[in-house]
Amino acid sequence: MSDTYGMASCEDVSENFVPFITGEKPQITDTVTIASGSNVAQRALLGRVTATGKYIPCVKTATDGSQIPRRIAIYATDATEADALCPVYCEVECNPSLLVLDASWSSTDEVKELLADQGIYLRLPA
């Protein structure tokens with residue numbers, strides 16, 4: 001451990017670091033609107049509601065268009081009170097073990113092909 005109070009040494013951080021970005025594919029990001037009533041976790045899988053164009057957590061059993069995974073939230077976003085802007089990955093190679101899925105999805109294997117159609121590729125770190 002570091003002798004500096006409250007600070008971690010490089011060794012402390014690097015031995016526990018698990019990267020989210022796992023490839024050399026350039027990342028393409030954007031900002032989307034999260035529909036009010038939603039609380040989005042960092043790295044959550046998002047779907048777009050067809051009627052509004054707004055994003056919510058992607059639920060496999062939804063029937064409003066949001067059942068199709070389209071984006072990944074870069075940061076946690078609280079839209080419980082009102083619509084909120086959220087930065088998202090549109091295209092990226094990322095670690096499937098760090099992706100946040102709704103419980104309606106049994107594993108990242110279920111979304112792998114759907115995400116590839118969007119330019120999002122799930123790859124474990126080398």
Side-chain angles (χ1 to χ4, degrees):
M1 288 297 279
S2 171
D3 291 334
T4 306
Y5 180 75
M7 301 293 287
S9 71
C10 291
E11 295 82 23
D12 293 336
V13 175
S14 63
E15 71 184 42
N16 297 317
F17 179 72
V18 177
F20 182 66
I21 307 298
T22 56
E24 295 183 20
K25 176 181 177 47
Q27 295 122 48
I28 297 176
T29 62
D30 198 3
T31 302
V32 300
T33 301
I34 303 297
S36 64
S38 299
N39 192 11
V40 173
Q42 181 179 24
R43 301 183 189 123
L45 191 60
L46 302 174
R48 185 178 63 218
V49 177
T50 304
T52 65
K54 296 176 185 177
Y55 286 78
I56 60 175
C58 185
V59 176
K60 182 179 179 180
T61 55
T63 58
D64 58 4
S66 67
Q67 70 276 13
I68 301 168
R70 298 193 180 272
R71 302 287 184 261
I72 298 172
I74 296 175
Y75 300 114
T77 303
D78 185 356
T80 52
E81 300 288 323
D83 289 356
L85 296 177
C86 177
V88 295
Y89 291 111
C90 301
E91 293 188 18
V92 67
E93 283 181 84
C94 61
N95 186 341
S97 66
L98 297 178
L99 193 60
V100 176
L101 298 177
D102 177 78
S104 61
W105 300 97
S106 61
S107 75
T108 55
D109 289 340
E110 286 188 290
V111 298
K112 189 172 187 171
E113 288 294 320
L114 297 169
L115 286 172
D117 291 343
Q118 304 295 322
I120 297 172
Y121 301 96
L122 303 181
R123 296 199 194 338
L124 290 169

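For the numbers below, each heavy atom of this structure counts, side chains included, while hydrogens, waters and symmetry mates do not.
Note that CZ of R123 is 4.5 Å distant from CD of E93, once rounded to the nearest 0.5 Å. If you take CG on L122 and CG on L98, they are separated by 11.0 Å, rounding to the nearest 0.5 Å. To the nearest 0.5 Å, the span separating CG on L114 from NZ on K60 amounts to 9.5 Å. Taking CD1 from I72 and CG from L99, the interatomic distance works out to 5.0 Å, rounded to the nearest 0.5 Å. Between Q67 atom CD and I56 atom CD1 the span is 9.5 Å, to the nearest 0.5 Å. One distance of note links CD1 of I120 with CD1 of I28; it measures 10.0 Å at 0.5 Å rounding.
Counting heavy atoms of neighbouring residues, nucleotides and ligands inside a 6.0 Å radius, atom NZ of K112 does not exceed 12 of them.
In the hydrophobic cluster analysis, where Ile, Leu, Val, Met, Phe, Trp and Tyr join through side-chain heavy atoms closer than 4.5 angstrom, V111 is grouped together with F20. Linking Ile, Leu, Val, Met, Phe, Trp and Tyr residues whenever their side-chain heavy atoms come within less than 4.5 Å leaves I74 and V40 in two separate clusters. Both W105 and Y89 are assigned to one and the same hydrophobic cluster, defined by single-linkage of ILVMFWY side chains at heavy-atom distances under 4.5 Å.
Between T77 and C86, the shortest heavy-atom contact is OG1-SG, 3.1 Å. When all heavy atoms of A73 and A41 are compared, the pair lying nearest together is CB-O, 3.7 Å. Here the closest non-hydrogen pair linking T108 and P96 is CG2-O, 3.4 Å. Nearest heavy-atom pair, S36 versus D83, reported as atom, atom and distance to 0.1 Å: N-OD1, 2.8 Å.
You'll find the side chain of L45 reaches within 4.5 Å of the side chain of P69, heavy atoms only. Side-chain contact between Y55 and S38: absent, with no pair of heavy atoms (C-beta onward) separated by less than 4.5 Å. Put simply, the side chain of I68 does not reach to within 4.5 Å of the side chain of C58, judged on heavy atoms.
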>> L46 vs I34, test: side chain to side chain contact (heavy atoms under 4.5 Å, CB included). Steps then yes/no.
In response: CA-CA 9 Å; L46 302 174; I34 303 297; 3.9 Å; yes
>> Applying side chain to side chain contact (heavy atoms under 4.5 Å, CB included) to T22 and L124, what does each step give before you reach the verdict?
In response: CA-CA 7 Å; T22 56; L124 290 169; over 6 Å; no
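When each of R71, Q118, Q27, R70 is paired with C90, the side chain to side chain contact (heavy atoms under 4.5 Å, CB included) condition holds for R71 and for no other.
With S66 contributing its side chain and V49 its backbone, the two residues share no donor-acceptor pair below 3.5 Å.
Contacts of T33 classified as side-chain hydrogen bond (donor to acceptor under 3.5 Å, both in side chains), with partners at least two apart in sequence or in another chain: none.
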